[in-house]
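Reviewing the structure listed below.
In this text, all values refer to a predicted model and were calculated from it rather than measured experimentally.
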Amino acid sequence: QELPDGSIVLMLSELVNGKTKAIRITPFGEIIEDITFSGQILKALTTPKGILLTFSDGSCGLFSLENNISTHKWLLQKKSKQKNNSDFFILSQNKENVAYINYENNAVQVNYINLDDGTIPKSFFIYDMQAPQYGWYNESGILLVDSKNACFYNNSGRYLWSGHLPSKK
C-alpha cells in the first residue's frame, strides 16, 4: 500500500498482541519506520490521501502522513463489536470519493465518507441483502454484489436494477 509521499507500507503477517505490524519503506527499499496498528487489519485500500484500513473489530479509518510521520487521520468505531467483519471500502472510479460498505443485522449501510475528516455527509440502507463481497462506485451510482445477486443503486440510495448471478457448478 502506498502513502501520498510515495513511501510504501508493507503489512506483515505477524501479529503482536492481536495487532498488525508493518514497515514503511522508501521507493528504494530503505526502512523509514516500524508501525504497530491499533488492531488487526483485515483490508487495506490505497487512495490519493492515504490508506483506508478495515479492522477485525469493525472499526475503520484513514492512515496517512502528518509532517512526514505516519498517523491515523481519523477512525470510525462501530457501536457494537463484530466477530466477523465483512465491511469494506470502495474508492470511486475517479479516485476522489469513497464509500464504506457496512454489513450488520441483515442490512447493508452505504456510507459516503469525506476522506479529509472521516465525516459521513450521506448514507442509505439496503435491507434483505446478504453481505456484499464486491462493490464498484462512480458518479452514477454504486454496484454491490453478494454471492447470488448484483444490485445497482444511485448515490441517493434509489434502487435502479439488479440481476441474479449464475450458480457455480
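Partners of Tyr134 according to the ring-ring contact (aromatic ring centres under 6.0 Å, His included) rule, which considers only residues two or more places apart in sequence or in another chain, do not exist here. Residues passing the side chain to side chain contact (heavy atoms under 4.5 Å, CB included) test with Asn138 are Gln93, Trp136, Ser140, sequence neighbours excluded. When the side chain to side chain donor-acceptor pair (under 3.5 Å) test is applied to Thr47, no partner is found at least two apart in sequence or on another chain. In this structure Asp34 satisfies the side chain to side chain donor-acceptor pair (under 3.5 Å) test with no other residue, sequence neighbours excluded. Phe28 meets the side chain to side chain contact (heavy atoms under 4.5 Å, CB included) test with Thr26; sequence neighbours excluded. With sequence neighbours excluded, no residue satisfies side chain to side chain contact (heavy atoms under 4.5 Å, CB included) with Asn17. The side chain to side chain contact (heavy atoms under 4.5 Å, CB included) test applied to Glu33 returns Arg24, Ile35, Ser70, not counting sequence neighbours.
Membership of an apolar cluster is not assigned to Ile69, as no side-chain contact below 4.5 Å to another ILVMFWY residue is traced. Its side chain outside the 4.5 Å cluster rule for every partner, Val16 clusters with none of the Ile, Leu, Val, Met, Phe, Trp and Tyr residues. Applying the 4.5 Å side-chain rule to ILVMFWY residues, one finds Leu52, Leu62, Trp74, Leu76, Phe89, Leu91, Val98, Tyr100, Ile113, Leu115, Ile120 in the same cluster as Leu45.
Using a 30° and 60° split on the angle between ring planes, Phe152 and Trp161 fall in the parallel class, below 30°.
The list of salt bridge (Lys or Arg N to Asp or Glu O under 4.0 Å) pairs with a residue in residues 129-157, not counting sequence neighbours, is empty. A salt bridge (Lys or Arg N to Asp or Glu O under 4.0 Å) check over residues 110-133, counting only residues at least two apart or in different chains, returns the pairs Lys49-Asp116.
Smallest separation of non-hydrogen atoms from Ile41 and Lys43: CG2-O, 3.5 Å.
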